Amino acid sequence: MTPTPEDLATVAQQLGRAPRGVLEVSYRTPDGQPAVVKTAPRLDDGTPFPTLYYLTDPRLTAEASRLEVAQVMKWMERRLAQDHDLAQDYRNAHEHYLRERNAIEDLGTDFSGGGMPDRVKCLHVLIAYALAEGPQHFRLGTEAVALAAEHGNLRGTAIPADWPTLEQLGITLDEAGEDL
């Protein structure tokens with residue numbers, strides 16, 4: 001959805017600065033706030049900006065940071081190294097991300113975001129990407145959103161009430177992070 005002036009004002013308030021390169025609001029929270037924006041691959045000043053989906057809602061960004069501190073990325077990376085199907089799913093998500101971004105403007109790079117396709121570097125990117133694309137798009141994104149929903153008690157406010165639960169995904173908070 002093309003951002004309205006009100007959306008851009010809300011995003012500016014969320015970020016504490018003017019948003020750059022916003023093409024659309026890719027995800028709104030159940031309580032109506034813009035939470036993920038799709039950004040141009042190149043900013044107005046010509047600076048490359050490879051992050052296609054950018055997380056803006058402060059509740060979600062704070063929870064992504066808490067999950068990162070709890071070492072969730074290390075748990076996900078260990079699983080990527082051991083599970084061929086999960087690694088292929090992550091590679092497919094990376095390739096889709098590149099196709100989507102390159103359809104707007106090809107930056108001539110195979111960097112997508114969040115460490116894809118081999119690492120899990122940034123849960124902010126994974127959560128933004130999963131919320132923009134939906135819960136069945138890629139497993140680690142779906143899990144990251146489910147972790148945020150349950151650990152941060154964000155289900156029904158910042159995250160859809162019907163997003164898959166950790167129980168449905170067959171994981172627990174205890175196994176996902178050292179400090180959860």
Side-chain angles (χ1 to χ4, degrees), residues 3 11 14-17 19-29 33-43 47-81 86-107 109-152 154 158-160 163-164 169 171 176-177 180:
V11 170
Q14 291 171 333
L15 297 176
R17 62 169 174 77
R20 301 174 299 160
V22 175
L23 301 174
E24 72 176 32
V25 174
S26 297
Y27 170 74
R28 287 183 186 279
T29 63
Q33 298 298 305
V36 175
V37 294
K38 182 182 274 188
T39 59
R42 193 173 304 279
L43 300 178
T47 303
F49 192 78
T51 304
L52 181 63
Y53 296 114
Y54 198 87
L55 194 62
T56 64
D57 184 282
R59 299 166 293 182
L60 293 167
T61 58
E63 188 55 31
S65 294
R66 282 190 287 275
L67 294 172
E68 287 179 353
V69 168
Q71 307 296 314
V72 169
M73 290 120 36
K74 287 183 181 181
W75 169 70
M76 289 179 167
E77 280 191 1
R78 281 193 304 272
R79 291 173 52 224
L80 279 177
L86 182 64
Q88 186 59 53
D89 180 72
Y90 200 50
R91 177 162 293 285
N92 292 345
H94 159 75
E95 291 168 358
H96 175 80
Y97 191 103
L98 288 177
R99 281 191 306 275
E100 290 292 309
R101 189 185 69 211
N102 290 346
I104 300 165
E105 180 180 353
D106 191 338
L107 294 176
T109 179
D110 64 357
F111 172 79
S112 56
M116 289 187 280
D118 302 313
R119 297 180 9 203
V120 181
K121 182 178 162 190
C122 179
L123 293 180
H124 297 77
V125 169
L126 295 189
I127 289 170
Y129 181 19
L131 287 169
E133 295 284 344
Q136 302 308 319
H137 187 67
F138 73 114
R139 176 71 187 205
L140 291 181
T142 301
E143 290 178 2
V145 174
L147 286 164
E150 294 183 31
H151 182 259
L154 298 175
I159 296 171
W163 194 271
L169 296 171
I171 57 178
L180 290 178

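Please read all numbers here as calculations on a predicted model, not as lab measurements.
- Under the rule for a salt bridge (Lys or Arg N to Asp or Glu O under 4.0 Å), the partners of Arg28 that lie at least two apart in sequence or sit in another chain are Asp7.
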Identify every side-chain donor-acceptor pair in residues 113-126 under 3.5 Å, counting partners at least two apart or on other chains, and give the distances.
unit_1	atom_1	unit_2	atom_2	d
His124	ND1	Glu68	OE2	3.1
His124	NE2	Thr61	O	3.2
His124	NE2	Ser65	OG	3.1

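- Taking CZ of Arg91 as the start and CZ of Phe138 as the end, the distance is 14.0 Å to the nearest 0.5 Å.
- His137 is not listed as a side-chain neighbour of Thr142, based on a closest heavy-atom distance of 4.5 Å or more.
- Contact of the Tyr27 side chain with the Asp57 side chain is not registered, since no non-hydrogen atoms from C-beta on lie closer than 4.5 Å.
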Under the criterion salt bridge (charged side-chain N to carboxylate O under 4.0 Å, His left out), I'd like the reasoning laid out for Lys74 against Glu77: C-alpha separation, chi angles, the key distance, then a yes or no. CA-CA 5 Å; Lys74 287 183 181 181; Glu77 280 191 1; over 6 Å; no
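- The closest donor-acceptor contact from the side chain of Tyr97 to the backbone of Leu52 lies under 3.5 Å.
- Under the 30°/60° scheme for interplanar angles, the aromatic rings of Tyr129 and His96 are found to lie parallel.
- Side-chain contact between Tyr54 and Val11: absent, with no pair of heavy atoms (C-beta onward) separated by less than 4.5 Å.
- Under a 3.5 Å cut-off, the side chain of Thr29 and the backbone N or O of Ala35 do not form any donor-acceptor pair.
- The side-chain heavy atoms of Gln33 and Thr56, taken from C-beta on, include no pair separated by under 4.5 Å.
- Considering only residues two or more places apart in sequence or on other chains, Arg42 meets the salt bridge (Lys or Arg N to Asp or Glu O under 4.0 Å) condition with Glu105.
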Take Arg139 and Glu143 through the salt bridge (charged side-chain N to carboxylate O under 4.0 Å, His left out) test and state the conclusion after the steps. CA-CA 6 Å; Arg139 176 71 187 205; Glu143 290 178 2; 2.4 Å; yes
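- Under the 3.5 Å distance criterion, the side-chain polar atoms of Arg101 are matched with a main-chain donor or acceptor of Pro50.
- The line from CE of Met73 to CG of Leu140 is 12.5 Å long, rounded to the nearest 0.5 Å.
- In this structure, the separation between CG on Leu131 and CG on Leu55 is 7.0 Å, given to the nearest 0.5 Å.
- The shortest distance between side-chain heavy atoms of Lys38 and Ile104 falls below 4.5 Å.
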